Protein chains: 2
Amino acid sequence: VLRLGVDIGGTNLRLALVEVGIGAVFASRKERHADPSPQAVVAAAARLGRDLAAGAGLSSQVAAGVGVAGQCRGASGLVLSAPNLGWRDVPFGEMAARALGAPVRVANDLSAAALGEQRFGAARGVEDAVLFFVGSGVGAGLILGGRLHEGAGGVAGEVGHVKVAAPGGLPERRCGCGALGCLESWAGGVAIAERAREAAAAGRSEALRALCGGDPARIDAGLVERACAGGDPWARGLWEEVGALLGDAVANLAALLDPARVVLGGGVLAAAPALRLLLVERAMARALPAAARDLQMVPSELGDDAGLVGAALLAP
Amino acid sequence: VLRLGVDIGGTNLRLALVEVGIGAVFASRKERHADPSPQAVVAAAARLGRDLAAGAGLSSQVAAGVGVAGQCRGASGLVLSAPNLGWRDVPFGEMAARALGAPVRVANDLSAAALGEQRFGAARGVEDAVLFFVGSGVGAGLILGGRLHEGAGGVAGEVGHVKVAAPGGLPERRCGCGALGCLESWAGGVAIAERAREAAAAGRSEALRALCGGDPARIDAGLVERACAGGDPWARGLWEEVGALLGDAVANLAALLDPARVVLGGGVLAAAPALRLLLVERAMARALPAAARDLQMVPSELGDDAGLVGAALLAP
């Protein structure tokens, strides 16, 4: 059975025709948002969806699942807030169903990805799993008792907005959500890049200044990882601090939810093995022993496809 | 249908015959542990269970549910760790089934209490609810997707062992679990009493010294509440600090799980309305707005009976 999976990130729009019986991506499209407004995104999704359907020789539109990088009331299709897209209270489910001419189910992108990993990826075979994701932001998707847990309003898994103490007495940073004290404001990819650019500009990291070749805009988590691997003390210190924050978050998730497995996903963790190791060590050291005893921490298997496959699985 | 509910706390053993169709306690017994060893507790439970059965004119033993103040692998009946009882890796389910001569299901006491509140108390009518409990320790019971969530190993809900930063630069306190940095080591009833006794002994709180009548052992959360109500600055400061820690914990639970309702339970919160108010205000101020929007925070309805009723509901 083919279903359409749609993944709306802060930067890219991705669509895939997915054979949902086996989790295989039949064909996919990806493009940068030319205009991130809901109207423009829905129009682009409809265009790419028609394109995919035509390419597969499908005469009618197929049902679609849509994962959005934001807080969604999945059941009603309402996107409450998607800060990286600038959306607030957007009835995206209705808009997409009209534009695609097919039934649509909306969900948080990491909820969709968790479902993908559960059915066809790294979370197969367990009843309780958490997808812990560090990309531009920090978030989670929750599989509890074998089922996707979206919460009463559909906003569960927002671990990036858990409040943490500022590390090392640093001044608080404002999160994209508007609040102070969010984990994401210290440990998300956007925050990491900002802090690394500040350090390079202030001359605190020679390695980063050299690695970026004079263009601070090129600094990201991957470059911090390279600086750390090269022995740069500032980069190492940043990874220790970020690893401790992320490790504590995973330890706290373990004490609270006692998952059998935590799946580590997202571009930052994929690009930064040293950070991933610090995270895992810290989580194991700080988690309640009874919860850590049988806890597995494994990398994502589906990577970027998890959200597309999971979204397609959510299609009505 | 009558079932036996057993609640094994750090101080007391309680049993009740519960009409599980309506959640009514038919008859109950309570006694302090003379000896908290598993052998002594199971013998006391069997004696009180026979007593209750005889009083109700029951000819055979009834199936029992047992809530234990500790980390339990419910399905296997194994109590991994119950620090306040001094238990570690105790096969309590087997021991109880033999002693009671009836099938037994073991669970964490707050998981049982959450189930009681869901079926007959303050968590009725919602799919996603958290029982947030502040007694001697801090803990939670989770109802997610309409079902009790105990986690892969049965230790979910251990919010007391979530790691927090020491407030106001104070030195870390060691938790009963052995670790540093646990929420419970700052905000549980035992920690509150210890800190208040230290303050009274050091002359930092005139009110507490007066209220305890020269006996620091009488100081507990209820006395701190009275000192606070009387305008004692130290007591007020403690409540602000503890309220902030507990409020952040509830805010973080809301961001992570998005429950429709948080039920506030436990002796400390029951005895300290000023603390409860500070907790609720802080949680609302710090929770992710999308999760806080429709979040209800309500007091427990079943109180001490929640664990007994819930345990009886778990009986096989």
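Note that the coordinates shown come from a computational prediction; the quantities given were computed from them, not determined experimentally.
Heavy-atom distances place the backbone of B/Leu180, and not its side chain, under 4.5 Å from chain A. Contacts of A/Asp128 with chain B are made by side-chain atoms alone, with heavy-atom separations under 4.5 Å and no backbone atom involved. Residue A/Leu183 does not touch chain B at all, counting heavy-atom pairs closer than 4.5 Å. No part of A/Ala140 comes within reach of chain B, as not one of its non-hydrogen atoms sits under 4.5 angstrom from that chain. Neither the backbone nor the side chain of B/Ala251 comes within contact range of chain A; no heavy atoms are under 4.5 Å apart.
Residues B/Leu80 and A/Ala290 come closest through the heavy atom pair CD1-CB, 3.8 Å. When all heavy atoms of A/Pro259 and B/Ala152 are compared, the pair lying nearest together is C-CB, 3.9 Å. Nearest approach of A/Leu256 to B/Leu142, heavy atoms of both residues: O-CD1, 3.4 Å.
Put simply, the side chain of B/Asp248 never gets that close to the backbone of A/Lys163: no donor and acceptor are under 3.5 Å apart. Not a single donor-acceptor pair under 3.5 Å links the side chain of B/His149 to the backbone N or O of A/Leu144. No donor-acceptor pair closer than 3.5 Å links the side chain of B/Asn252 to the backbone N or O of A/Val162.
The environment of B/Glu241 atom CD is dense: over 12 non-hydrogen atoms of other residues, nucleotides or ligands sit within 6.0 angstrom. Within a 6.0 Å sphere centred on CD of A/Glu301, other residues, nucleotides and ligands contribute more than 12 heavy atoms.
Taking chain B as the reference chain and counting heavy-atom pairs below 4.5 Å, the highest number among A/Gln71, A/Glu150, A/His161 is found for A/Gln71. If you tally non-hydrogen atom pairs under 4.5 Å between each of B/Arg73, B/Glu127, B/Arg261 and chain A, the highest count goes to B/Arg73. Here A/Val155 is the residue among A/Val155, A/Leu295, A/Asp294, A/Val126 with the most heavy-atom pairs under 4.5 Å with chain B. With chain B as partner, the option from A/Gly145, A/Ala165, A/Ala179, A/Cys182 having the largest number of non-hydrogen pairs under 4.5 angstrom is A/Gly145.
Residues A/Glu158 and B/Leu257 are not in side-chain contact: their nearest non-hydrogen atoms beyond the backbone lie 4.5 Å or more apart.
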